[in-house]
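Below you'll find the structure, written out as structure tokens, and then a few comments.
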Number of protein chains: 2
Amino acid sequence: MNLQSVAVSQSPEDKFREYLTTGNKPQRFTGQQRDMVRFIFSHHDHFDAEALISEMQAANLKISRATAYRTLNKLVDAGLLRRLELGPRTFYEHDYGYPQHDHLQCTKCGKVIEFQNPSIEEAIRQASLANGFQSEGHSFVVRGVCKECNIALMPKRQLDLI
Amino acid sequence: MNLQSVAVSQSPEDKFREYLTTGNKPQRFTGQQRDMVRFIFSHHDHFDAEALISEMQAANLKISRATAYRTLNKLVDAGLLRRLELGPRTFYEHDYGYPQHDHLQCTKCGKVIEFQNPSIEEAIRQASLANGFQSEGHSFVVRGVCKECNIALMPKRQLDLI
DNA sequence: CCCCCAATGATTATGATAATCAATTCCTTG
DNA sequence: CAAGGAATTGATTATCATAATCATTGGGGG
Ligand SMILES: [Mn+2]
Ligand SMILES: [Mn+2]
Ligand SMILES: [Zn+2]
Ligand SMILES: [Zn+2]
């Protein structure tokens, strides 16, 4: 189940357009970029570049690998997406309009579970204060085995006890 | 400053030898592996494969890239080293004989600062309990700007106020 | 309606790590 | 102590994700 979204004043599409067109160097907001933003923000999930490309092509949306990688980087710079360190490849998820949270990742099936805990922000505050550190963001992933995989891995006689 | 080490009954070298020779498939504990373990555990540090190779070669220790990568993986499996997610490449640090802790990483100079906070373990316990999740380990890195880089980046007039 | 400049995308490059495999080393056994 | 055999080594090659290249396309301001 997804977390509750955060109220925002602009649509992701408008925010990205603003990011691109505001500033010293003019950047264009193209049809492919618009398709990417709309597709990505049509549902919340954790995805990598390859998955995005195949899903968009399956949805009959034209996108090349180069443009996908380039636009993902721009979306991160614009504050729309957040990068996730979930293994060797880079994953992405919504940042704009989605609350701060962290992740449990199952090492058996790969599933990613979201959770929130205010004491994490507090721990960051304390450690930063103690070290004169100016915190800008964090990555927190707990690895382990999810409920379903735990049940599947249990010997039969242990299941009987439940 | 490093954290206080944890008392252990075996030297890293002995523990690795035991890991290699115990079990169904016999694995040899070679001179190069012994050199690597001794070198790595002669000082606490956060390093990647390339840095290890150059430092060992600078210390006149023979090591090939292939053997370095292979042995690093074995050291992680043996519980001697822990992998760190500090960006695109893989970093390593002592696990055996070193206490649980997490990291602040400076995005300006790359410096890595260690800190401990028991509320992080508690947050993991709570999130795991709430999701039926069996936790096995975690990665927690706070990105930001360290004290020295903060001072260096400050405009002169702000420095004057200190 | 042009023209310029940014975007696109096929292709090539990069860089870290893993696989290959012939040569070497080193335990085991007789 | 010699020989056999299995595991390790290391030069080389492969892989895989992502980043650059650069010729072509196209869109928006004048
Ligand atoms: Mn998430
Ligand atoms: Mn550390
Ligand atoms: Zn699972
Ligand atoms: Zn710094």
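Labels below follow one simple rule: chain letters A, B, ... track the order of the sequence lines, proteins then strands, and each chain is numbered from 1.
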Between A:Thr90 and D:dT18, does any side-chain N or O lie under 4.0 Å from OP1 or OP2?
yes
_Any side-chain N or O of B:Ser64 below 4.0 angstrom from OP1/OP2 of D:dA11?_
no
* Does OP1 or OP2 of D:dA7 have a side-chain N or O of B:Thr30 closer than 4.0 Å? -> no
Report the C-alpha separation of A:His94 and A:Phe41 in whole Å, then their side-chain angles, then the decisive distance to 0.1 Å, and conclude whether the ring-ring contact (aromatic ring centres under 6.0 Å, His included) test is met.
-> CA-CA 7 Å; A:His94 298 173; A:Phe41 280 86; 4.2 Å; yes
Which part of the nucleic acid does B:Gln32 contact within heavy-atom distance under 4.0 Å: base, sugar-phosphate only, or nothing? sugar-phosphate
- request: Taking only the side-chain nitrogens and oxygens of A:Tyr69, find out if one of them lies under 4.0 Å from OP1 or OP2 of D:dA19.
  value: no
inquiry  = If you compare every side-chain N and O of B:Lys25 against the phosphate oxygens of D:dA6 (OP1, OP2), does one of them come in below 4.0 Å?
reply    = no
For this session: Could you tell me whether the phosphate oxygens of D:dA19, OP1 or OP2, come under 4.0 Å of any side-chain nitrogen or oxygen in A:Asn73?
Result: yes
- Counting any heavy atom closer than 4.0 Å, what does A:Pro26 reach on the DNA or RNA strands: base, sugar-phosphate only, or nothing? sugar-phosphate
Do B:Gln134 and A:Lys147 have side-chain heavy atoms sitting under 4.5 Å apart? no
| message | Looking at the base of C:dA7, is there any donor atom on it, or on the side chain of A:Arg70, that sits under 3.5 Å from an acceptor on the other one? | response | no
Contacts of A:Tyr69 meeting ring-ring contact (aromatic ring centres under 6.0 Å, His included) (sequence neighbours excluded), chain-then-number -> none
Any N/O donor-acceptor pair, B:Arg28 side-chain to C:dC27 base, under 3.5 Å:
no
